[in-house]
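Here's the structure we're looking at; comments come further down.
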Amino acid sequence: MDSDSDSDGSHVSNTPPRVIKPSPPAPTSAPVSAPPSRRTLFSTTKSKINVKASSSSSHSKSAPKPKSSSHKKSKAPDPTSVEPEQTPPEEPFPTLSPILPFQIRNRVSDQSPISIETLPAGFFSKSASFSKFRRSSVSFDPIKDEPCPPLASNLQQKVHIGGSDCAETDWTLPELEDEASVGYGNTVKVGKRHSNLIGSNEPMPQVKLRKCGNEGNFVKLNLKRNKKFLNKGKRGNSTSSGGRRFYKKYKKKFKPAGGGETEEGVCEEHGVFMESLTKEKEKQEGKKAKFDCESIEETILAARNESSEENLLKLLSLTHGYDSFREGQLEAIKMVLDGKSSMLVLPTGAGKSLCYQLPAMILPGITLVVSPLVALMIDQLKQLPPMIQGGLFCSSQTPEEVSKTKMLLQQGLIKVLFVSPERFLNAEFLSIFSGTLLVSLVVVDEAHCISEWSHNFRPSYMRLRASLLKEKLNVNCILAMTATATTTTLHAVMSALEIPPTSLIQKAHLRDNLHLSVSLSKDKMKDLLALIKSSPFKEVQSIIVYCKFQFETDVLSRYLRDYNISAKVVATVAFGMGLNKTDVGAVIHYSLPESLEAYVQEIGRAGRDGRSSYCHLFLDDDTYFKLRSLMFSEGVDQYAVDKFLSQVFTNDNKSQGKIFSLVKESASCKLDMKEEVHDVMFTLLTQLELGEVQYLRLLPQINVTCTLNFHKVGRKFVITSVHLGVLLAAGALRSYKHVTNGRNYIKHLSYYTPPDVLAERDIVVAEILKKSEMKQGKYVFDIPTVANSIGVMTTDLSIQLQNLKFKGEVTYELKDQAFCYTIVQVPTDLCSLSAVLTKWLSEVESCKVWKFDAMYDAVVFAVNSCEKLQGCCGAEHTLCLQKRILDYFNETDNNDHPNKMGQSSPFLRADIKVFLQGNSQVKFTPRSIARIMHGIASPAYPSTMWSKTHFWGRYTQTDFHVVMEAAKAELINLSAKTQPTS
Ligand SMILES: Nc1ncnc2c1ncn2[C@@H]1O[C@H](COP(=O)(O)OP(=O)(O)OP(=O)(O)O)[C@@H](O)[C@H]1O
């Protein structure tokens, strides 16, 4: 679904230090025997494996990029056609919640055999020890038995083993103490400095992390901020700066009643657990914070006056503890500070977030960051340095949390605000910015989602266009960021956001600390186990395993746990997109990714600490055929688009301003269009709004069917006078009589207002009574119908209903999520519009298939054709895969990629004929038949019903279009036979 609530965070575990020994020859896919005893395996080294259902299969409806020339043409928006648009889901206006939707768990370090545990998604775990080590200098061939000579120089890592027992915080930039332990048993003073390690093979300086309780890093950051900005004494002179005002307000805001600044003050304000420090520590930190704060403020002012490299470096050092910028960062920061909209393309983990974090401190207004997943927003919020106050709006927040965030925003107490793209459909959200609130910068994270030619197109991202952002937010500077965009995608993004070509900052697509390997596999489970148990994977502390299907994650994690490997199922797509977990040392693809973009994003979770990391991919035929079939699961035919348009543009919709709705579930079934993340209906509706001609205006999605219950009249109860006071104060009693019974008790008759009396006072109730159907004593009505007859927006009606509920007059339930819209202009020629839309959708589908073929081709080349002349060795194919990826992103390779699909089949027509004869009472389209033959379920042909036919999935190895053509021919034959002859 397209709401911003698709991911609620996840957990990943860390393990005790990896003890790296001189590595033995790499084990190969040796047969794996019965599970060994838990006590004997891995007694000193624990691997933590995260098994993840890859995001792409289910939710990344990649926008394919056509490689043929015809496709290429179609990539550019067709000026004669309608431009696509999207609609966001409706949600009650979200709120900022400092109460993070996950819990943080602390696990005490031990060296005992790995514990087996599975946490539900949304739990974070902290392991107890923080290892100090470097990845080993092993070369490897994970599948074959031959250890290869260390050809690639970047494999030559020195083993460096650490063994501290500090607690480790997952997910975030490690917080430095003044002393950091570096190396084996040494303690070296490093002050607050990280080395700039990206892509280098330098050893990572290990930092000793503060042992902590239940708090996450986000909390620690707040805690520090509290100290820095609340406990500081004298300030600098330039108190008139925006930054200064912000900090002053912040200080005032969080001053606790008792006068002292407590962590609990912040805690309460943000709803997050915090751990109190000892007074002694508080004193020390207070002193340090005071110093830091003054320096930071001075540096911010200096950078505001002159954004010189020197000033920015100083600020970087003071706020982040880094002593240099990485490639592209300074350029991007300067561009933004100069007010120039920019497109930033840096590899995964290269430090794109810093490019808005630093400007956010310097710019006078707020920085609004648009992010595709709630889990990402939370992750990014947590990673803000302590002196930047952040907030977010997401659909899981309560109205109170939303109000609190709004209040903080209005008071200038939020400098960086994270929102989902769906937010931009919400009038209430946009109204926040209609007043005096200054937005200095809009950051579009994962900006490739704007383009339908990217691997991860999100219809709601299409709303993010410069014209809208400028109009609604009055912002002039936009920073678009991505790690994975082809040239075509970049053009689409830059054109939507009006970023000039001169403002493109683009660096390498891959970090060079990632070692890429691939192998064919006939028994992936065994091979996976063998891989994990062999060097270098066995020394890696934290591994992510990407699976394509949810069931695989369950089966795999159980299997690995049987072999004493702590495997946890991670149910968040954010793992494939931007989450910053610094200690992931390896990524294993259990299934082929859907595109090279997805591959690059997913391997990009590894080695974010700069150390050498290992990425292995298993290729097998079964998964290949299954995934290629799935590429066709969302396509639609013109027949379905025709039906869709006639449903959207009914005879009735000439009336100006009238709200229409399309219930998602029933429409999806009727039109056989999927309504998941890459909702085809939403894509079409967005196109109808944002295309060249605006036909409609989308409103937030809401549940349109309301079942309402009025309270009964005349309930009688006995309470004390104290309770009476409470009830009266709460407005819970409409009217009452009381009689003292002589024992200090009072008898009350409470009268709730009868519906007809309520209707006389309240036009909403009157209209509800008129438009409702009575079902089992309850009033059932359609929200848009009532809103239309009163002449209000659906959101206003929802607020009225909430008020009635709050007053205790009614209770109600809502169901049937629907797209809501008003008509701007009814198309004159529905047929041509439908043809244009269908063509566009089919080009998007072809592009997606092409991307999959490019991915497959790259891997097959590595496995079968790589001559291993340039450093590839055994299963390792870093260099040849890097080259493929580079060509792909630069679009120097636009060839048709070979695939393994059969182009004909002798029995296909005959099978289809038999199938049709056996189901003569059912209506089919060529596409629906091809889907069944490929084993793909769709809303109108669910697998629960159709997987029972023995034709289900029989032709997965024959090209989908070949099957569709055969189906078309058979349908024509059939209809010719059934036509009455004249
Ligand atoms: N100049 C720097 N020196 C050292 N470390 C840095 C620097 N800039 C950023 N980092 C660190 O790099 C890590 C990755 O940064 P970040 O999460 O911003 O990457 P990203 O480019 O957004 O990656 P992705 O595309 O995967 O989201 C973070 O831990 C961050 O603190």
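Everything numeric in this text was worked out from a predicted model, so none of it was measured. Order of appearance sets the numbers: ligands from 1, and atoms from 1 within every ligand.
Judged by distance alone, the side chains of Arg511 and Thr348 do bring a donor and an acceptor atom under 3.5 Å apart. With 3.5 Å as the limit, one finds a donor-acceptor pair spanning the side chains of Glu446 and Gln601. With no hydrogens or angles considered, a side-chain donor-acceptor pair links Tyr888 and Lys851 at under 3.5 Å. Residues His448 and Glu597 have side chains that never bring a donor and an acceptor to within less than 3.5 angstrom of each other. A donor-acceptor contact closer than 3.5 angstrom is absent between the side chains of Ser308 and Glu310. In this model, no donor atom of one side chain and acceptor atom of the other lie less than 3.5 Å apart for Asp512 and Gln882.
If you look at His320 next to ligand 1, there are no close heavy atoms at all, none under 4.0 Å.
The shortest N/O to N/O separation between Ala350 and ligand 1 falls below 3.5 Å. Between Tyr322 and ligand 1, at least one N/O pair is under 3.5 Å apart. In terms of N/O distances under 3.5 Å, ligand 1 is not approached by Gln601. Inclusion of Gln383 in the set of residues having an N or O under 3.5 Å from an N or O of ligand 1 is not warranted. For ligand 1, one of its N or O atoms has an N or O atom of Gly351 under 3.5 Å away.
Atoms of ligand 1 found under 4.0 Å from any heavy atom of Pro347, numbered from 1 in the order shown, are 21 (O). Proximity to Ser353 (heavy-atom distance under 4.0 Å) selects the following atoms of ligand 1: 16 (P), 17 (O), 18 (O), 22 (O).
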Going through the checks in order, is the side-chain contact (heavy atoms from CB on, under 4.5 Å) test met by Leu617 and Met855?
CA-CA 11 Å; Leu617 186 153; Met855 176 75 234; 3.9 Å; yes

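Taking a 4.0 Å cut-off on heavy atoms, Ser324 registers as neighbouring ligand 1. At a 4.0 Å cut-off, at least one heavy atom of Gly349 sits close enough to ligand 1 to count as contact. Using a non-hydrogen distance threshold of 4.0 Å, Arg605 registers as a contact of ligand 1.
The side-chain heavy atoms of Asp323 and Leu313, taken from C-beta on, include no pair separated by under 4.5 Å.
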